[in-house]
Amino acid sequence: MPLYKRQDLGRLLADTSKGTVYPVYLLFGDRFLCQSAATELTGVLLPAGAGGGNPGQLTSIDGDQENVSKTLALLKTYSLFARRQVFKVTDTKIFLSKGVSRAVLDRTRSAALEGDAENSRKGLAQLLHAAGIEAAELDEEGFSGLSPARWKKLFGFAKPQEELAWLDELLTRAGSTIVEGSATAPAAGDPAALYEQVLADGLPPQNILLLLAETVDKRKKLFKFIQEHGCVLDLSVESGAGAAARKDQQEVIRELVKKTLAGFGKSMEPAAFNLLLERVGFHPVAAVMETEKLALSVGEARSISAADLDAVIGHTREEALYELTEAFTAGRPQQLFGLLARLREQGIHGLAVLATFRNHIRKTMLIRALQQQAPAYSAAMPFNTFQQQYLPAAKEAHPEWQALLWSGHPYALFLQFRQACGYELSTLRRALAELLRAEYRFKGSGLPDELILDLFFLNLLLPQAV
């Protein structure tokens, strides 16, 4: 049976509309892409009939709260009216194992740093599920208290050297909901094996199963069974900041923007797309929402220009908040809080401010680390020396940072390197910890946004003023 890639979605939908239908489909990879593809596939499997009627039924099941026995019973039930039944299980955990724990942890960390409470909680639940433990088992020691040996035994890889307080805080906040979710799967035996047995026995002809997952262990027997007897759609997007990953991510956003605009009968100029990409980064949901906003804002115009984008979305996040990072770096609290007030008046959300500072701090940490290695760097170095001698040597010594660092303009890099000299790595690490606390407060404390931001900057600036 075929293994479709992300670029093959159109072919899969066309094949399905021509009558090539499988009893089970597995869609895995980027969560938004999986949900969007499942919606399109369901629309083909359950087309609207004459007079607007629907000849089939869709049953949606949340994998976080799934009762496996109940799902399998539904799969084996014949339709009363001999109509097609599609059972869609989102965020299924049956493909998780220790072999994918590291990928799940990385995804959970990214969601937590972005203040995404829902996906960070889901990631935590999946991490515990892959390890085969309940949240209550970590109540006393937490993740931080696990010995390296026990961590390796539970998750299958070495315990990270990073501070895990963020994961412990996430466990404290989400622990009760995770316990409730895990308690609703009373099926005896391995759920993946039970699924495989039901599928091997054969589903009623009109029943179809859709499984959606962000991370799968391809070594599992169920994955291989579906690949042989069903249909697998790989919607993965390369992660990281390297050139290949950035190209893959940009291609995803480009296709989403193009498809969204096609629904409005519009197009976008290349310059406008480049600006949009700067603003949203790799956030598919944001890309679609901002594109819809642009399409509606231009009225009868057929093409969206860079000027249209500026008028609707405004300046890039980096441009809008550059002065704020400058004031923070220089330790000028009066100017910083004045700029904060202006940004609030312009409607810039507090999480956007924090996201910009996260990028600023991470890049500064990288530069400070490079400054402590060969080739030698000096803050007194003039621009000509930096451009002609230091920069070529640094690029040769560290080619892995081409996409993230060296692609910038030489003078902009010169200013960033000089600015970074005002920081200690310990200060930057503390800033990241404070930033994570602020993001959690935005999502769960109930405090006013302006108070959370003021507290964040005060906590960072006060030690400098002492």
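Sequential numbering from 1 along the given sequence is applied to the chain's residues.
- A donor-acceptor pair is defined here as one N or O able to donate and one able to accept, closer than 3.5 Å; no such pair exists between the side chain of K159 and the backbone of A149.
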The test is ring-ring contact (aromatic ring centres under 6.0 Å, His included); show your working for F457 and F357 and say whether it passes. CA-CA 11 Å; F457 285 112; F357 266 83; 4.9 Å; yes
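- For the 3.5 Å distance criterion, the side chains of T71 and E66 qualify, holding a donor opposite an acceptor.
- Defined by atom type and a distance below 3.5 Å, a donor-acceptor pair is missing between the side-chain atoms of S236 and R6.
- Using a cutoff of 4.0 Å between basic side-chain nitrogens and carboxylate oxygens, K93 and D64 are scored as salt-bridged.
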Which is it for K259 and E40 under the salt bridge (Lys or Arg N to Asp or Glu O under 4.0 Å) test, yes or no, and what are the steps along the way? CA-CA 12 Å; K259 181 182 291 187; E40 292 188 72; 3.1 Å; yes
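- Between the side chain of D234 and the backbone N or O of K5 there is no donor-acceptor pair closer than 3.5 Å.
- A pairwise comparison of heavy atoms in L235 and A37 identifies CD1-CB, 3.8 Å as the closest pair.
- A ring-centre distance under 6.0 Å is not found for F95 and Y195.
- The main-chain N or O of E238 is found under 3.5 Å from a side-chain atom of D248 such that the two form a donor-acceptor pair.
- W401 places no side-chain N or O within 3.5 Å of a backbone atom of L366 that could act as its donor or acceptor partner.
- Residues R107 and E214 form a side-chain contact, since some pair of their non-hydrogen atoms from C-beta on lies under 4.5 Å apart.
- Side chain of K98 to main chain of K153: a donor-acceptor pair is present (N/O by atom type, distance under 3.5 Å, no hydrogens or angles).
- Put simply, the side chain of D168 gets close to the backbone of F143: a donor and an acceptor are under 3.5 Å apart.
- No hydrogens or angles considered: nothing links the side chains of T20 and D15 as a donor-acceptor pair under 3.5 Å.
- Across every non-hydrogen atom of I361 and A431, the tightest pair is CD1-CB, 3.6 Å.
- Of the charged side-chain nitrogens involved, none lies within less than 4.0 Å of a carboxylate oxygen, so that E255 and K258 do not count as a salt-bridged pair.
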